[in-house]
2 protein chains.
Amino acid sequence: MGSVSTLADHIEAYIKRMIRENQGRAIELSRAQLADAFACVPSQINYVLTTRFSLERGYIVESRRGGGGYIRIGRVQVEDVHEDAFDLISQVGSQISEKEMENILARLLDHQIITSRQARIIRGIIQQETARVGQGKALVRASLVRALLLFVLQQQGN
Amino acid sequence: MGSVSTLADHIEAYIKRMIRENQGRAIELSRAQLADAFACVPSQINYVLTTRFSLERGYIVESRRGGGGYIRIGRVQVEDVHEDAFDLISQVGSQISEKEMENILARLLDHQIITSRQARIIRGIIQQETARVGQGKALVRASLVRALLLFVLQQQGN
DNA sequence: CCTCCTTTGACCATTCCTGACCTTGATTCT
DNA sequence: AGAATCAAGGTCAGGAATGGTCAAAGGAGG
C-alpha cells in the first residue's frame, strides 16, 4: 500500500475503511466531527475529498449545509468492472497528464483490476519513457497508459 | 587514483545497503536528508537514482513531492534467466522498425520468455497505437516495445 | 585534447495544511 | 410571516515542506 504518512492519507484511509465496513454502500458523516477527530481544521476534510474522492477516482460526494448538514460519500456504481475499465481506457485521448493517469490508476486499483505492484511498475515504466523524450510527454504517456493497461486487461482474459 | 569511489558510488552503495538490511524490502527516504548526510546538493540524489536505480537494473523508484514527500526505492524481482532479455530490451534504440520488433519477439518466444499469446497481444496493441500516429511510428514502436516487454518481464518476477 | 561521467545551483512543480471569510439551511424570537 | 440567530458546510489564497529539471561547470581517463 501507499505511504500512509500525512494527515490527508490517514483521513483518506479512515473514510475508505468506513465505506468498506459498510459493504461499499455510501456513508454519511459530519465534517466538523471528522475534523475534530483528526484534530485539524474542517477545510482539511474538503481537501481530502477533492483530492482523493473525486468523480474521476470513482466516488460521489454529496453534502448539505446548515443545521443537520452532512457529507455523504459513496462509490460510483458500475455494472461490470471490466467494462468500466475498458471504457476508462478508451476514453484516454491522444494526450494525458500525470494527474489524469493517477486518477485512472487509483480507480482501477480501487476496483482491484490492477494490483498496486502493477500500478507501481506502470508508473515506473512511464516515468522512464517520458523522461527519455524532451517534449510531448503527455503524448507518450497516453500511448503507454493505453498500451500497458490494455495489456493487463487482455492478459486477464477479460 | 583508482577512483573506485565517486560520491555517486557511495550514495549508491549506501542505498543498496539500506535495502539489503531491510531484507530486500523497499526503503523510504528523504531526498533532502540523504543529500545532507552526504553533504551534496539534493539533485545529486536524482542523478544517482536515474543512473543506478533504473528499472532495467531491477529497481523501482517512486516519489512524492510536497509535505510528507518521500522517495521509495525497491527491487523488482527478476529471474536471472531473463538477464539476456533485459540486454535485448535495453539495446532497443530510440526507433525500431517492425521487422526489428518481430526479431525481438521471435527471440523471446524462442527462449520461452514470453508466450505466443503475449506476443500476439503485444503485436496487436502496438499496431493499434502506431496507427494512431501519422509519423514517427518507429519512435512510438520503440517506446511501446520497451514498455510492454519490460512489463512482461517484471510481471513474471512476482 | 576530447569525451564521458559527475557535481552543482538556479529555478520550478507539487502536496499539504490552515485560517479568514462566505453561503446555505434550520430554528427561534417578535 | 419576517427577522435574527444558530449550525453546518464551502472557497480560496497563502505559507511551508518536499521533490524535480536542466544546463553548465568540473574532472578523470584515454
Side-chain angles (χ1 to χ4, degrees), chain A residues 2-15 27-54 57 60-73 97-103 106 123-124 126-138 140-141, chain B residues 1-15 27-54 57 60-73:
Chain A
S3 99
V4 186
S5 57
T6 66
L7 216 203
D9 287 335
H10 281 112
I11 297 176
E12 173 189 9
Y14 174 81
I15 294 175
I27 61 164
E28 210 165 276
L29 48 81
S30 137
R31 187 180 77 145
Q33 274 180 26
L34 190 55
D36 218 53
F38 282 95
C40 64
V41 293
S43 57
Q44 174 75 353
I45 305 302
N46 296 88
Y47 174 70
V48 173
L49 293 179
T50 54
T51 57
R52 329 287 220 251
F53 295 89
S54 65
R57 275 154 116 106
I60 291 179
V61 177
E62 301 168 276
S63 66
R64 210 168 76 196
R65 308 185 185 187
Y70 62 83
I71 294 181
R72 188 181 353 239
I73 308 169
S97 70
E98 228 171 310
K99 206 165 286 187
E100 290 174 305
M101 176 183 86
E102 273 312 315
N103 283 337
R123 278 193 208 99
I126 290 181
Q127 223 245 324
Q128 283 204 166
E129 286 299 321
T130 53
R132 194 179 271 264
V133 300
Q135 293 186 318
K137 289 190 202 295
V140 173
R141 186 156 38 225
Chain B
M1 293 266 288
S3 110
V4 213
S5 45
T6 63
L7 214 205
D9 289 334
H10 281 120
I11 298 176
E12 175 188 7
Y14 173 81
I15 293 175
I27 61 165
E28 211 167 273
L29 47 83
S30 134
R31 186 180 77 145
Q33 274 180 27
L34 189 56
D36 219 52
F38 282 93
C40 64
V41 293
S43 55
Q44 174 76 349
I45 306 302
N46 295 87
Y47 175 70
V48 174
L49 292 179
T50 53
T51 57
R52 273 95 155 148
F53 293 88
S54 64
R57 293 187 180 221
I60 188 148
V61 177
E62 298 170 274
S63 67
R64 206 160 87 182
R65 306 186 187 187
Y70 61 80
I71 293 181
R72 181 170 16 232
I73 307 167

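All chains are named by letter (A, B, ...) in the order of the sequence lines, taking the proteins before the strands, and each is independently numbered beginning at 1.
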| said: To check you understand the geometry: which heavy-atom pair defines the closest contact between A/Asn103 and A/Ser54, and what is its length? | reply: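 Taking A/Asn103 first and A/Ser54 second, the nearest heavy atoms are OD1-OG, 4.5 Å.
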| said: To check you understand the geometry: which heavy-atom pair defines the closest contact between A/Gly134 and A/Lys137, and what is its length? | reply: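 Heavy-atom minimum between the residues: O-NZ, 3.8 Å.
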| If only side-chain N and O atoms of B/Ser63 are considered, is one of them under 4.0 Å from the OP1 or OP2 phosphate oxygen of D/dG20? |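 Yes, because at least one side-chain N or O of B/Ser63 sits under 4.0 Å from OP1 or OP2 of D/dG20.
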Whole angstroms only, please: what is the [atom1]-[atom2] distance between [X] and [N]?
{"X": "A/Leu49", "N": "D/dG10", "atom1": "CG", "atom2": "P", "result": "8 Å"}
{"X": "A/Ile71", "N": "D/dT11", "atom1": "CD1", "atom2": "C1'", "result": "13 Å"}
{"X": "A/Arg64", "N": "C/dA26", "atom1": "CZ", "atom2": "C1'", "result": "9 Å"}
{"X": "A/Asp36", "N": "D/dG9", "atom1": "CG", "atom2": "P", "result": "12 Å"}
{"X": "A/Gln127", "N": "D/dG19", "atom1": "CD", "atom2": "P", "result": "15 Å"}
{"X": "A/Leu34", "N": "D/dA8", "atom1": "CG", "atom2": "P", "result": "14 Å"}
{"X": "A/Tyr47", "N": "C/dG19", "atom1": "OH", "atom2": "P", "result": "16 Å"}
{"X": "B/Glu12", "N": "C/dC5", "atom1": "CD", "atom2": "P", "result": "14 Å"}

| Which sits closer to the 5' end of DNA chain C, B/Val41 or A/Glu98, going by the nucleotide each is nearest to? |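 Looking at the nearest nucleotide for each, B/Val41 comes out on the 5' side.
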| field | Along DNA chain C (nearest heavy atom to each residue), the more 5'-positioned of B/Cys40 and A/Gln44 | value |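 Looking at DNA chain C, the more 5' nearest nucleotide goes with B/Cys40.
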All N/O contacts under 3.5 Å from nucleotides 21-23 of chain C to the protein, with atom names and distances to one decimal?
| unit_1 | atom_1 | unit_2 | atom_2 | d |
| --- | --- | --- | --- | --- |
| C/dT23 | O4' | A/Arg65 | NH1 | 2.9 |
| C/dT23 | O2 | A/Arg65 | NH1 | 2.6 |

Let me confirm one number: the [atom1]-[atom2] distance from [X] to [Y], rounded to the nearest 0.5 Å.
{"X": "A/Arg31", "Y": "A/Asp36", "atom1": "CZ", "atom2": "CG", "result": "12.0 Å"}
{"X": "A/Ile73", "Y": "A/Ser63", "atom1": "CD1", "atom2": "OG", "result": "10.0 Å"}
{"X": "B/Thr50", "Y": "A/Gln127", "atom1": "OG1", "atom2": "CD", "result": "9.5 Å"}
{"X": "B/His10", "Y": "B/Ile15", "atom1": "NE2", "atom2": "CD1", "result": "13.0 Å"}
{"X": "B/Leu29", "Y": "B/Tyr14", "atom1": "CG", "atom2": "OH", "result": "7.5 Å"}
{"X": "B/Ile11", "Y": "B/Leu34", "atom1": "CD1", "atom2": "CG", "result": "6.0 Å"}

Could you please name the option among [options] that lies closest to any side-chain atom of [X]?
{"X": "A/Thr6", "options": "C/dT7, C/dC16, C/dG9", "value": "C/dC16"}
{"X": "A/Ser43", "options": "C/dG19, D/dG10, D/dT21", "value": "C/dG19"}
{"X": "B/Asn46", "options": "C/dC16, C/dT15, D/dG20", "value": "D/dG20"}
{"X": "A/Arg31", "options": "D/dG10, C/dT7, C/dC17", "value": "D/dG10"}
{"X": "B/Ser30", "options": "C/dT15, D/dG19, C/dG19", "value": "D/dG19"}

So what does [X] hit on the nucleic acid, given a heavy-atom distance under 4.0 Å: a base, only sugar-phosphate, or nothing?
{"X": "A/Thr51", "result": "nothing"}
{"X": "B/Gly67", "result": "base"}
{"X": "A/Leu7", "result": "sugar-phosphate"}

| Residues forming a side chain to side chain contact (heavy atoms under 4.5 Å, CB included) with B/Glu62, sequence neighbours excluded |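 Counting only residues at least two positions away or on another chain, B/Glu62 forms a side chain to side chain contact (heavy atoms under 4.5 Å, CB included) with A/Arg120, A/Arg123, B/Arg72.
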Which pairs, protein N/O on one side and nucleotides 27-30 of chain C N/O on the other, fall under 3.5 Å?
none

| message | Assess, by modelled atom type and distance only, whether the side chains of B/Thr6 and B/Asp9 contain a donor and an acceptor separated by less than 3.5 Å. | response |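 A pair is found: one side chain offers a donor N or O, the other an acceptor, under 3.5 Å apart.
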